[in-house]
Amino acid sequence: IPVASFDGVVFGATGDLTMRKLLPALYYRFRDRQIPEASRIIAAARSRHSDEEFRGMAAEALRRHVPAADLSAETVEGFLAHVTYVAVDGAGENGWDDLTALLDERPDQIRSYYLATSPSLYGAICRNLSEHGLIGERSRVVLEKPIGHDLASARAINDQVGRVFPETQIFRIDHYLGKETVQNLLALRFANTIFERLWNADVIDHVQITVAETVGVEGRGGYYDTSGALRDMLQNHMLQLLCLIAMESPLSLDADAVRDEKLKVLRALKPIPAHEVPHCTVRGQYVAGAVDGKPVPGYLTDLGGEARSHTETFVALKLELMTPRWAGVPFYLRTGKRLPQKMSEIVVQFRSSPFSIFPAGSFGREPNRLVIRLQPQEGIRLEVMTKEPGPGGMRLRATGLDISFEETFNQRYPDAYERLLMDVVRGNATLFMRRDEVEAAWAWADGLLQTWAESPEPPRPYAAGTWGPTAAIALIERDGRTWHEDL
Ligand code: BG6
């Protein structure tokens, strides 16, 4: 279904995010005929380029980031005809008259301003948009994460943007919320009565959330070294996943109904006091090792050789929620770069029965687990105990009741940005973060960051291609539990 006609201005248009994610996402939406004829993608950045030059760069980006089977010369050409380039200094003065003239050609279009720049420029760009009269009722601004690097800087950015855009026109993007399987969490929890009744501390032993990546910092060292795994992945993507797992049922799917419930989860995060930080958290940094059988250098080499850095490329931690539903249930979260496989999953492990008619020992007895695979091989598996076939007596084995989304639906999974960019045009903010959510997440993360910053201990080294420092395994095994491994 086509959306309304729009002018999508992308600041930071020559950057990595635009090339790797935004242009491919818009290309797919064009290919699937969702982008109306009069819509324009207005690429804005400081360097000077003609439309033709920028279209050449965009075509190259599509060749690199879209599978060849999905590209046809005719469709690429049709898409690029919607793309215009304008040189604008977002935080300065140059180029704004050109951008204004361009937008004035089509005053009735929906306007979305996508800020794919450093967050330190968000305030200045918004001020410029306002001073040039470019904000109206049909305008929206999209802010990429990270919004600041702590609570104070996030508040400052939110204040600056909030001075010119009302909250309903601000779309803070967390692309994890646009992933199909993440949206599926809402369906799983609130469209199925069987799970919801079991979804509490009486029945659930603990929850694990793993977001593992094989990549290193990939030329983003400048940004990453000021950020680290907690700010880059955990404070946003992983806490959002936690919200969807832990929240109460929203009253509807309206943006504020969903966000009100997520906010309650974030506010219920139990602060980790400084003296418990060494016990409940593990920081790691990769050193040289091998991923997928190929040798790879360590983090410090990736940063450029001589560097010394205490930035964590891995974090594992245990947290708790102070709510009646979850009191006493630990949530174990871990994420890192240069781990053995790219894999994101949530494991809900149910309590074991206090009594069993099946003797322990040689008979396998495993707790039930619900494994939600976010990527790759998206799907849901309920691990249940079954009898091994054969005359050997009552031998039990954990087997999976599987739903593979790929096999069930047999269609391409759109990238998260495709859905989210169209939601911006539609004005649907359900899958975007509200100001108070972002700030509540920072308020919790700040305590941890501060304790780490004051600690003389560097992150623990782990070889690239392993599951992080051994202390991360000890973190969960100390509680008599283990990180989930595939059956
Ligand atoms: C981004 C982080 O938000 O998410 C990156 O800044 C990370 O460091 C990426 O690699 C992971 O996203 P995905 O969709 O590949 O899991």
Side-chain angles (χ1 to χ4, degrees), residues 12 15-25 28 64-67 114-119 142-149 154 171-185 209-242 244 283-286 291-292 296 299 302-303 309 311-315 333-346 372-378 405 412-421 431-433 437-438 441-442 445 464 468:
D16 180 63
L17 180 76
T18 309
M19 296 296 169
R20 211 162 34 86
K21 291 287 184 185
L22 305 183
L23 288 170
Y28 273 113
R64 288 180 61 165
H65 301 296
V66 176
Y114 198 114
L115 310 193
T117 64
S118 155
V142 187
L143 309 182
E144 254 299 331
K145 66 151 265 278
I147 304 208
H149 55 272
F171 289 71
R172 293 180 194 79
I173 207 161
D174 182 311
H175 78 279
Y176 268 58
L177 293 178
K179 290 183 189 276
E180 279 290 333
T181 32
V182 175
Q183 295 170 54
N184 231 314
L185 289 175
I209 305 180
T210 298
V211 176
E213 296 186 274
T214 51
V215 291
V217 287
E218 310 286 293
R220 294 164 73 225
Y223 150 73
Y224 194 86
D225 201 48
T226 60
S227 166
L230 186 89
R231 290 188 175 99
D232 186 52
M233 297 293 287
L234 200 135
Q235 182 271 348
N236 33 73
H237 303 324
M238 296 185 76
L239 289 187
Q240 287 292 319
L241 296 178
L242 174 79
L244 296 178
R283 283 185 295 163
Q285 191 183 77
Y286 62 85
V291 175
D292 290 335
V296 293
Y299 177 67
D302 280 348
L303 285 189
S309 164
T311 300
E312 79 287 356
T313 60
F314 174 96
V315 61
L333 275 54
R334 62 176 172 166
T335 183
K337 303 268 184 211
R338 290 289 190 222
L339 299 187
Q341 60 185 115
K342 180 165 172 73
M343 183 274 276
S344 304
E345 70 174 20
I346 301 172
I372 303 158
R373 224 358 142 91
L374 304 179
Q375 59 187 29
Q377 290 139 20
E378 294 84 353
F405 294 153
R412 183 184 80 89
Y413 262 54
D415 185 76
Y417 280 95
E418 295 180 43
R419 161 79 197 252
L420 295 174
L421 288 170
L431 298 177
F432 294 80
M433 293 180 294
E437 279 181 84
V438 174
W442 275 125

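All values below come from the heavy atoms of this structure, side chains included, with hydrogens, waters and symmetry mates left out. Whatever order the structure lists them in is the order used to number ligands and atoms, beginning at 1.
Take D302 and apply the side-chain contact (heavy atoms from CB on, under 4.5 Å) test, not counting sequence neighbours, and it matches V217, Y286, P297, R338. Checked against side-chain contact (heavy atoms from CB on, under 4.5 Å), A229 has the following partners two or more places apart in sequence or in another chain: Y224, E312, V315, T335. Shown here are the side-chain contact (heavy atoms from CB on, under 4.5 Å) partners of K21, two or more places apart in sequence or in another chain: L17, D415, Y417.
Side-chain atoms of K145 come within 3.5 Å of backbone atoms of D232 as a donor-acceptor pair (strictly under, hydrogens ignored).
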Identify the protein atoms, limited to N or O, that lie within less than 3.5 Å of an N or O atom of ligand 1, and list each pair with its distance to 0.1 Å.
{"residue": "ligand 1", "atom": "3 (O)", "partner": "K145", "partner atom": "NZ", "Å": "2.7"}
{"residue": "ligand 1", "atom": "3 (O)", "partner": "H237", "partner atom": "NE2", "Å": "2.7"}
{"residue": "ligand 1", "atom": "6 (O)", "partner": "K145", "partner atom": "NZ", "Å": "3.0"}
{"residue": "ligand 1", "atom": "6 (O)", "partner": "R220", "partner atom": "NH2", "Å": "2.8"}
{"residue": "ligand 1", "atom": "6 (O)", "partner": "D232", "partner atom": "OD1", "Å": "2.7"}
{"residue": "ligand 1", "atom": "6 (O)", "partner": "D232", "partner atom": "OD2", "Å": "3.4"}
{"residue": "ligand 1", "atom": "8 (O)", "partner": "R220", "partner atom": "NH1", "Å": "2.9"}
{"residue": "ligand 1", "atom": "8 (O)", "partner": "D232", "partner atom": "OD2", "Å": "2.6"}
{"residue": "ligand 1", "atom": "8 (O)", "partner": "K337", "partner atom": "NZ", "Å": "2.7"}
{"residue": "ligand 1", "atom": "10 (O)", "partner": "E213", "partner atom": "OE1", "Å": "3.4"}
{"residue": "ligand 1", "atom": "10 (O)", "partner": "E213", "partner atom": "OE2", "Å": "2.5"}
{"residue": "ligand 1", "atom": "10 (O)", "partner": "K337", "partner atom": "NZ", "Å": "3.1"}
{"residue": "ligand 1", "atom": "12 (O)", "partner": "H175", "partner atom": "NE2", "Å": "3.2"}
{"residue": "ligand 1", "atom": "14 (O)", "partner": "H175", "partner atom": "NE2", "Å": "2.8"}
{"residue": "ligand 1", "atom": "14 (O)", "partner": "K179", "partner atom": "NZ", "Å": "2.6"}
{"residue": "ligand 1", "atom": "15 (O)", "partner": "K342", "partner atom": "NZ", "Å": "2.8"}
{"residue": "ligand 1", "atom": "16 (O)", "partner": "Y176", "partner atom": "OH", "Å": "2.5"}
{"residue": "ligand 1", "atom": "16 (O)", "partner": "K342", "partner atom": "NZ", "Å": "3.3"}
{"residue": "ligand 1", "atom": "16 (O)", "partner": "Q375", "partner atom": "NE2", "Å": "2.9"}

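Y176 and N236 share no donor-acceptor pair across their side chains, judged by distance under 3.5 Å alone.
Ion pairing of R412 with E418 is present here, as a side-chain N (NZ or NE/NH1/NH2) and a carboxylate O approach within less than 4.0 Å.
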